Amino acid sequence: MTDAGDHLTPVNSGRVSQQIVDQIVALLRSGRLAPHDRLPSERQLAKDFGVSRVTVRDALRILEAQGLMSVKVGAGGGAFVTAPSDQMVGERLNDLLTLAPIDPEDVAEARLVMELGILDLVLARATEQDLEALRAVCERAERSLADGEYDRSTAEQFHARLAEAAHNGAVARMAGSFRGPLRMAALRAREPAADAHQRTVEDHRELVEAIERRDRVTARAVMSRHLTRGTAVEIPEP
């Protein structure tokens, strides 16, 4: 890594800590800083930016809250670059969507657009290990349904594991939003609980079987039906 200090410039008055954050984020986006890289010392950063160490600490706290830095104390400590977790990405997206609330129909349509694209990758790339993992989620859901204590989290686990079967890190991270602002809970609430749970379990099992056969037409039809249940969203042509 090129020394980050070579690319830092003194900041002006105003929102000084935010200006420091902006410069460091720019280094991350350009690739001059990468996950696990260590920033210069707090003292050196203060010198490079022409600010106090208190201001540097404020900027590092912002970066840490955003999931971009991990600040460690003691021997071998310092500020280290981290990659935002799926949960952090989902929370940020959730914050954005919460400011402009979306209705359940929009959620269904957004999920349909994304998950049909994901499904095509899964059909091309899913391994036997992926299929075994999806079957295992289905089995857990079926057992909980049979016991009369359906575990709703299995539905989220299924879609998350399906995204992993696309073998694309960006897709898997994007799917993290399915556990937050793009959850289908509001739509499923329109159906009697027992019916909704039964149909979800059946849809997931049928989808896995279609993927196993590499049957794109059936897989897309099942996914489309699954995501648009109880809505007026039009299902696209296969």
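All of these numbers come straight from a predicted model, not from anything done at the bench.
Nearest heavy atoms, F158 versus L207: CE2-CD2, 3.9 Å. Closest non-hydrogen pair, V137 versus T154, comes out as CG1-O, 3.4 Å. Shortest non-hydrogen contact noted between A126 and R214 is O-NH2, 2.7 Å. The two residues D58 and S17 make their nearest non-hydrogen contact at CB-CB, 4.1 Å. Nearest heavy atom pair, residue A172 against residue A163, reads CA-CB, 4.3 Å. Here the closest heavy-atom approach between residue F80 and residue H36 is recorded as CD2-O, 3.8 Å.
Between the side chain of S30 and the main chain of L27, a donor-acceptor pair closer than 3.5 Å is present. Without hydrogens or angle criteria, S224 side chain to R220 main chain gives a donor-acceptor distance under 3.5 Å. A donor-acceptor pair is defined here as one N or O able to donate and one able to accept, closer than 3.5 Å; such a pair exists between the side chain of T82 and the backbone of G67. A donor-acceptor distance shorter than 3.5 angstrom exists from the side chain of R125 to the backbone of A166, with no hydrogens or angles considered.
A side-chain N or O of E202 and one of Q198 form a donor-acceptor pair less than 3.5 Å apart. Using modelled atom types and a 3.5 Å distance limit, the side chains of T127 and D130 yield a donor-acceptor pair.
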Does the salt bridge (charged side-chain N to carboxylate O under 4.0 Å, His left out) test come out yes or no for E128 and R135, once each step is laid out?
CA-CA 10 Å; E128 180 56 33; R135 292 188 201 104; 3.0 Å; yes

Could you walk me through whether T218 and R213 pass side chain to side chain contact (heavy atoms under 4.5 Å, CB included), step by step?
CA-CA 10 Å; T218 299; R213 298 191 306 270; 3.9 Å; yes

Before you tell me yes or no, could you show the steps for Q19 and F49 under side chain to side chain contact (heavy atoms under 4.5 Å, CB included), namely the whole-Å CA-CA distance, both residues' side-chain angles and the distance that decides it to 0.1 Å?
CA-CA 10 Å; Q19 292 178 50; F49 286 118; over 6 Å; no

When you look at D37 and R32, which way does the salt bridge (charged side-chain N to carboxylate O under 4.0 Å, His left out) test go after all the steps?
CA-CA 10 Å; D37 283 347; R32 292 191 176 96; over 6 Å; no

I would like to know whether R225 and E206 meet salt bridge (charged side-chain N to carboxylate O under 4.0 Å, His left out); could you show each step before the answer?
CA-CA 11 Å; R225 181 190 71 213; E206 189 176 352; 3.0 Å; yes

Under the side chain to side chain contact (heavy atoms under 4.5 Å, CB included) criterion, do L68 and V25 qualify, and how do the steps go?
CA-CA 8 Å; L68 299 176; V25 168; 4.0 Å; yes

Passes salt bridge (charged side-chain N to carboxylate O under 4.0 Å, His left out), D151 versus R140? Steps please.
CA-CA 8 Å; D151 183 358; R140 288 199 299 274; over 6 Å; no

Walk me through it: do R229 and D203 pass the test side chain to side chain contact (heavy atoms under 4.5 Å, CB included)?
CA-CA 11 Å; R229 277 172 21 209; D203 287 349; 3.1 Å; yes

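Within the 4.5 Å cutoff, no side-chain heavy atoms of I62 are placed close to those of M69. You'll find the side chain of N168 stays beyond 4.5 Å of the side chain of I118, heavy atoms only. Looking only at side-chain heavy atoms (C-beta outward), R205 and E139 come within less than 4.5 Å of each other. Residues T200 and H226 are in side-chain contact: their nearest non-hydrogen atoms beyond the backbone lie under 4.5 Å apart. Here the side chains of L60 and V21 are not in contact, with every heavy-atom distance at 4.5 Å or above. Counting only heavy atoms from C-beta outward, the side chains of I211 and L119 approach each other to under 4.5 Å. Between R57 and R61, some side-chain heavy-atom pair lies under the 4.5 Å cut-off. Looking at heavy atoms from C-beta onward, V208 lies in side-chain contact with C138 at the 4.5 angstrom threshold.
In this structure, L227 is not a member of the same hydrophobic cluster as V201, with clusters built from ILVMFWY side-chain heavy atoms closer than 4.5 Å.
Note: Q23 CD to L33 CG = 11.5 Å, rounded to the nearest 0.5 Å.
E149 CD: 12 or fewer foreign heavy atoms inside a 6.0 Å radius.
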